[in-house]
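The next block holds one structure in the form of C-alpha cells; read it before the comments.
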There are 2 protein chains.
Amino acid sequence: MPKNPPSSQSFPRPFTAVDVVIFTVIDDQLHVLLVKRPSGSGEPYPGRWALPGGYVDIERDKDLQACALHKLKEKTGVVSPYLEQLGSWGSASRDPRGWTATHVYFAMLPHTAVKPAPGSQPGEMGWFQVVDDGVGQKLAFDHDTILASAIARLRGKAEYTSLPAYLLPDTFTLSELQHVFAVVLGRPVDKSGFRTRVLSAGLVEEADGVRTGQSRPAQLYRLKMPQQPTFFPRTFNPRKD
Amino acid sequence: MPKNPPSSQSFPRPFTAVDVVIFTVIDDQLHVLLVKRPSGSGEPYPGRWALPGGYVDIERDKDLQACALHKLKEKTGVVSPYLEQLGSWGSASRDPRGWTATHVYFAMLPHTAVKPAPGSQPGEMGWFQVVDDGVGQKLAFDHDTILASAIARLRGKAEYTSLPAYLLPDTFTLSELQHVFAVVLGRPVDKSGFRTRVLSAGLVEEADGVRTGQSRPAQLYRLKMPQQPTFFPRTFNPRKD
DNA sequence: TCAACTAAGTTCTACTGTGCAACTAAGTTA
DNA sequence: TAACTTAGTTGCACAGTAGAACTTAGTTGA
C-alpha cells in the first residue's frame, strides 16, 4: 500500500466505472440490453456494442448502487428492479484510456416494464438475444467476458434459486413461471415437480384473478418476498439427457 | 456518464482500493486476519483493526486480482491460495479521505501455510476468532459490514459447495474434512452422509499414506480439482434442530 | 349442441441423495 | 490382552423431485 503523505493522497488514481448487465425475456428468449459506443475521436471501440455504464460521478452518485440504479433508470425507465452485484473487473489494459476498474451490476426486468428512453436515438440501444454464452458478436472492452460471467451466474442460480422469477411482472401464472425457468435454463422443466417445488418453498402466494386464454383459466400468483430470491433445498436434477 | 472531452478525462476520480478477507482455522475455530490501522496524523481510524488492504498502485498492480494476491503474500507469505471476489463497496462517505471504492477478495488458507510476515511488528497484525457475524469489536471503515458479508458467503456456500476444503492442507483425512465443515457451519455434520456426499461428488481422490494417531489409521485424500469448488446436488438438511 | 382441442392442475409411483443409528475394523494404551 | 478410540460401513427411513398418466375447465369449430 502506498504511504499517504498526510492530507495529500496525490498518487495517480484509476478510473472508476459502473456497468450494468440488464436481462429480460422477449418472445420466449433471454435478451440483454446493449448500447452503441460513441464514434467521436479519442473514443475507444467506436461504434461497437457495449454494456450500458460509465464513469462514477462523485458529485452525483452517493454510492455504487445509486450509480447503477441511475444508469438503469436512464436506459429503461425502471426504478425498482432486481439488482445485485456481479463483480468487478479492473486492470491496466482493459481500457485504452488508462487503468480502469468497473463495478458490474446485474439487473432483471419484465420486458413490459421497460419504457424506451426519452431523447435517445433508435439504433443507439438495443435488446440482443442471448445465445450460448454471449450475443454472437464481439463487444467493446472486456464486455464479452463480463457478459459471459453474468449469463453463467444467472443460469447457475436458476438451478437452485428463484432468480428467473424477476423476469416476470408482478403477477403471473405458475406455467409462466415454469416457462421462464425453461427459457433461462435452456431445457424443459417438469410441470409437476416444479409446482410442488415452488409452492412448498413458499415462494409465491395467490393473487386475485386468473389468466384466461384458449383453455382452462390459470390462477395468478405473486412473489411472497420480492426483496430477495428464495433458495430451494435441491437443484434441478432431470434424469435423461 | 460524464462526457469526456477527447483525450482529457480530467474529471475527479474516486480512490480505488483492494481489501482481502483471509480466513483460516486455528484450534478448531474459524479465524480472520486483521491489521492495525496506523496512528499517524491524518490517518483515518488510527489504531483500529481493519481488513488488510490498501490503494491500487497503477504502476505495480496489473489488475485487481494481482493487487489482492500481492497483499495476501505480503501479510501471509502464501502465493497460491483459494481466492474469489466477494464484492465491492464504494461510496462518498465510507472513507473520510474522499469518495472510495474498494474491491474485496475472499481468501482461504490452511493455517500451516502461513509464515509470519518478515519485518512486521507483532501486535500490528493478528488472527481474530469469528463469533456470530464478526470478531466482537468494531472495525475501521465499513469493514464490519464487509466481514459480515464474507462470513455469510462462506457459511452459505458451505451448505452446497466444497468451499471449506480450502481451509485444509493439500492432503487430509475425510474426518478432518468433515470437521472443518462442522467448524464453518457451527453445527455437527453426520459422518456417513458426509462421506458419501464427498465421495460420490468426486471431490477427492486417494493420496498416498495414512494419518496415524491414537486409533485406526485414516486414509489421506487430496482435492481432485483444486482450482474450483465442487457443487453438491443438495444442501445439508439435518432433521433435528 | 357437443365433440374435439388445449392448457391447468392433480395423482401416483419411482428414484436419488441425505440423515441417523448401529455396526464392524484397525489401530493405540494400560 | 482387554479396554479404548476413531475410521469406515451398513441398513433403513425420509424428503424432494422426475416422469408419466390422469382429471378439470375452459375455448373453438363443425
Side-chain angles (χ1 to χ4, degrees), chain A residues 28 158-162 164 168 171-183 185-221 230-241, chain B residues 28 158-162 164 168 171-182 185-222 230-241:
Chain A
D28 296 340
E159 296 283 359
Y160 61 95
T161 76
S162 64
L168 293 176
T171 62
F172 48 82
T173 69
L174 292 187
S175 292
E176 289 164 354
L177 185 59
Q178 179 191 337
H179 185 70
V180 79
F181 270 82
V183 165
L185 292 170
R187 64 168 190 259
V189 171
D190 176 68
K191 177 169 56 170
S192 164
F194 183 79
R195 294 173 80 94
T196 49
R197 180 178 168 102
V198 163
L199 292 173
S200 69
L203 172 62
V204 297
E205 60 191 5
E206 287 194 4
D208 291 339
V210 291
R211 175 93 68 226
T212 53
Q214 324 238 44
S215 72
R216 178 173 175 173
Q219 178 65 48
L220 288 176
Y221 290 86
T230 299
F231 285 69
F232 300 111
R234 305 190 189 171
T235 59
F236 289 105
N237 198 11
R239 303 270 152 79
K240 311 172 190 175
D241 301 48
Chain B
D28 296 340
E159 297 283 358
Y160 61 96
T161 77
S162 64
L168 294 177
T171 62
F172 48 82
T173 69
L174 291 187
S175 291
E176 289 164 354
L177 186 59
Q178 178 191 339
H179 185 70
V180 78
F181 270 82
L185 291 169
R187 64 167 190 260
V189 171
D190 175 67
K191 177 170 55 169
S192 166
F194 183 78
R195 295 173 79 93
T196 51
R197 180 176 167 103
V198 163
L199 292 173
S200 68
L203 172 62
V204 297
E205 60 190 5
E206 287 194 6
D208 290 339
V210 292
R211 175 93 67 229
T212 53
Q214 326 235 41
S215 72
R216 177 175 176 172
Q219 178 65 48
L220 287 175
Y221 291 86
R222 73 171 67 85
T230 299
F231 284 70
F232 300 112
R234 305 192 189 169
T235 58
F236 288 105
N237 198 11
R239 302 270 153 77
K240 312 172 189 172
D241 301 47

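Below, chains carry the letters A, B, ... as their sequence lines are ordered, and counting in each starts from 1.
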Quiz item: Under a 4.5 Å cut-off applied to non-hydrogen side-chain atoms, are Val198(B) and Val204(B) in contact?
Solution: yes
Exercise. Answer whether the closest heavy-atom distance between the side chains of Tyr221(B) and Leu174(B) falls below 4.5 Å.
Key: yes
Quiz item: Taking only side-chain nitrogens and oxygens of Arg197(B), does any of them come within less than 4.0 Å of OP1 or OP2 of dT18(C)?
Solution: yes
[X] [atom1] to [N] [atom2], straight-line distance once rounded to whole Å:
X	N	atom1	atom2	answer
Asn237(B)	dA13(D)	CG	P	19 Å
Phe194(B)	dC20(C)	CZ	C1'	16 Å
Phe232(A)	dT16(C)	CZ	C1'	19 Å
Glu159(A)	dG16(D)	CD	P	19 Å
Gln219(B)	dA26(C)	CD	C1'	14 Å
Arg239(B)	dG17(C)	CZ	P	15 Å
Tyr221(A)	dA8(C)	OH	P	12 Å
Gln178(A)	dA7(C)	CD	C1'	11 Å

Quiz prompt | side chain to side chain contact (heavy atoms under 4.5 Å, CB included) involving Arg234(A) - partner list, sequence neighbours excluded | solution = Arg234(B)
Quiz item: Who passes side chain to side chain contact (heavy atoms under 4.5 Å, CB included) against Leu168(A), sequence neighbours left out?
Solution: Phe172(A), Leu177(A), Val180(A)
Quiz item: What pair of heavy atoms forms the shortest contact from Ser162(A) to Phe181(A), and how long is it?
Solution: CA-CZ, 3.8 Å
Practice problem: Please report the shortest heavy-atom distance between Arg197(B) and Tyr160(B), naming the atom on each side. | Solution: NH2-CA, 3.9 Å
Self-check item: No-H, no-angle donor-acceptor pair, Arg234(A) side chain to dA15(D) base, under 3.5 Å
Solution: yes
Check residues 205-212 of chain A and write down every donor-acceptor pair under 3.5 Å in which the side-chain atom is one partner and the other belongs to a residue at least two apart or another chain.
{"unit_1": "Arg211(A)", "atom_1": "NE", "unit_2": "Glu176(A)", "atom_2": "OE2", "d": "2.8"}
{"unit_1": "Arg211(A)", "atom_1": "NH2", "unit_2": "Glu176(A)", "atom_2": "OE1", "d": "3.1"}
{"unit_1": "Arg211(A)", "atom_1": "NH2", "unit_2": "Glu176(A)", "atom_2": "OE2", "d": "3.2"}

Quiz prompt | Angle of first-five versus last-five pair axes in the helix from dT1(C)-dA30(D) to dA30(C)-dT1(D), to 10 degrees | solution = 10°
Quiz item: Looking across every strand, which nucleic acid part, if any, lies under 4.0 Å from Phe236(B) by heavy atom: base, sugar-phosphate, or nothing?
Solution: sugar-phosphate
Practice problem: Would you check, one step at a time, whether the test side-chain contact (heavy atoms from CB on, under 4.5 Å) holds for Leu203(B) with Phe232(B)? | Solution: CA-CA 9 Å; Leu203(B) 172 62; Phe232(B) 300 112; 4.1 Å; yes
Scan the side chains in residues 185-195 of chain B for donor-acceptor partners under 3.5 Å anywhere in the protein, sequence neighbours excluded, and list what turns up.
{"unit_1": "Arg187(B)", "atom_1": "NH1", "unit_2": "Glu159(B)", "atom_2": "OE2", "d": "3.1"}
{"unit_1": "Arg187(B)", "atom_1": "NH2", "unit_2": "Glu159(B)", "atom_2": "OE1", "d": "2.9"}
{"unit_1": "Arg187(B)", "atom_1": "NH2", "unit_2": "Glu159(B)", "atom_2": "OE2", "d": "3.3"}
{"unit_1": "Asp190(B)", "atom_1": "OD2", "unit_2": "Ser192(B)", "atom_2": "N", "d": "3.3"}
{"unit_1": "Asp190(B)", "atom_1": "OD2", "unit_2": "Gly193(B)", "atom_2": "N", "d": "2.8"}

Quiz item: When you check every protein heavy atom under 4.0 Å of nucleotides 20-30 of chain D, what one-letter string (B, S, -) results, 5' to 3'?
Solution: B---BBBSS--
Quiz item: Quick one: on DNA chain D, does Gly193(A) or Arg195(B) contact a more 5' nucleotide (nearest heavy atom)?
Solution: Arg195(B)
